[in-house]
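Let me begin by presenting the structure, written as C-alpha cells, before commenting on it.
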Amino acid sequence: MPELPEVETIVRELRKDLINLRFRNVWVDWAKTLRQAGGLAHFKKEIKNKKILSVRRRAKYIVLDIEGKKTIFIHQKMSGHLLYGKWKLVDGKWQSQIKGPLNDDRNNQYIRVVMGLSNGYQLALSDLRRFGKIVLVDDDKVNDLKEIHELGPEPLEISSPEFKKLFIKKKGRIKQVLMDPHFIAGIGNIYADEILWRANLHPTSRVEHLDDKDLKSIYKAMWDILKLAIKHKGSSMNDYRTPSGTKGDFQNLHKAYQKTGEKCSRKDGGVIRCIILAGRSAHFCSVHQVLK
Ligand SMILES: [Zn+2]
C-alpha cells in the first residue's frame with residue numbers, strides 16, 4: 001500500500017497538473033470505486049465544470065478541494081494509483097495516447113475511473129485489485145470521514161518534543177506503534193522497517209523501555225527517511241507509480257525492507273532477518289538494531 005512518501009509524490013505532481021482545471025465528465029467501470037450516496041449520476045452532476053482549487057495529502061489519502069465547497073477524497077488502498085494523461089476508449093478498453101510507461105507498464109493499465117479535464121487531459125485511477133475508493137463530501141464533513149477522524153499527527157509536521165510527548169504512557173512494540181495511524185499518520189511496513197534500521201532499534205523493542213536518546217533517534221530517522229524517500233519519489237515495490245506512470249526509486253535505497261538474508265550495509269557483520277510481528281513482516285539487522 002502506498003505510504004506517506006508515495007502519496008506525497010503523487011500529490012506534488014498532481015498539484016502541478018490539476019490546479020485551476022475543471023472536471024468535464026466521469027467514466028467508471030466499477031460502481032464500488034465511487035462509494036457515493038446518489039451514485040455516479042450524483043457525483044457527475046456535482047463535479048461537472050467545477051474548478052480544482054487544491055490538491056492535498058492527509059496521511060495516505062489524497063484530498064482534492066473543488067469549487068462549491070466540495071471535496072473529493074481518494075483512498076488508493078492496496079494497488080490503486082492516480083494517473084494524469086490522455087486515454088481513448090478502444091473496444092471497451094482505455095488506451096493511453098501518450099507513449100511511455102502509461103502505455104507500456106501493465107500496472108498502469110487497470111483503468112477503473114477516468115475523469116475528463118478542461119485542458120483535454122484526464123485524471124485516471126488504475127487499480128488492479130479494485131479496492132480503491134473515491135468519495136465526494138462537503139468541505140466541512142471531511143474531518144468526519146472515518147479514515148480521517150482519529151488520525152495521529154503528520155510525521156513531517158511534528159516537532160521532536162511533540163513526538164516525544166506521544167510516547168507518554170504509550171505501551172507496545174515500537175514497529176507496531178509507528179504503524180498505528182492513530183498514533184502517527186502515514187507510516188506503513190516499508191518505512192517503519194527503514195526508520196528502525198536507521199535508528200538502531202529492534203522492531204519488537206517495547207516503547208516503555210525507550211529512553212530520550214532512543215526517541216530522538218527515531219524522530220531524526222523518521223524525518224530523514226521520509227524526506228529522502230519523497231526526494232526519490234517513493235518506493236515502487238509492486239503497483240505504485242507516479243502520476244506520469246513512472247516508478248519511484250527509493251526501493252533501490254532500502255536497507256532492511258525485503259532484504260532478508262543480505263549482509264547489513266553498515267558492514268557490521270549483521271545479516272538482515274525477517275520475523276512476523278502481529279501478522280506483518282519485520283526486517284532488521286541482527287547486529288546493530290538493539291532490543292530494548
Ligand atoms: Zn547492521
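For clarity, every value in this text was computed on a predicted model and none was experimentally measured. Atom set for the values below is all heavy atoms of this structure, side chains included, hydrogens, waters and symmetry mates excluded. Counting starts at 1 for both ligands and their atoms, following the listed order.
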Next item on the list: Of all N, O or S atoms in His288, identify the one at the shortest distance from the Zn ion (ligand 1).
Entry: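 Result for His288 and the Zn ion (ligand 1): ND1.
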
Checklist line | Identity of the N, O or S atom of Asp268 lying closest to the Zn ion (ligand 1) | finding: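 Result for Asp268 and the Zn ion (ligand 1): OD2.
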
Item checked: Lys60 atom NZ, neighbour heavy-atom count above 12 within 6.0 Å ->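 Above 12, so yes.
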
Next item on the list: Would you sort out whether Ile52 and Met115 count as a side chain to side chain contact (heavy atoms under 4.5 Å, CB included), showing the intermediate values?
Entry: CA-CA 12 Å; Ile52 301 166; Met115 300 162 91; over 6 Å; no

Margin query: Go through it in stages, so that I can follow the logic: the residues are His283 and Tyr257, the test is ring-ring contact (aromatic ring centres under 6.0 Å, His included), and I'd like the CA-CA distance, side-chain angles, deciding distance and then a yes or no.
Written below: CA-CA 6 Å; His283 307 82; Tyr257 184 73; 5.3 Å; yes

Notebook entry, point to check: To the nearest 10 degrees, how large is the angle at the Zn ion (ligand 1) between Cys285 SG and Cys264 SG?
Noted result: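 So the angle at the metal works out to 110°.
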
Margin query: Between Asp29 and Lys93, does any side-chain N to carboxylate O distance fall below 4.0 Å?
Written below: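 Salt bridge flag = no for Lys93 with Asp29.
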
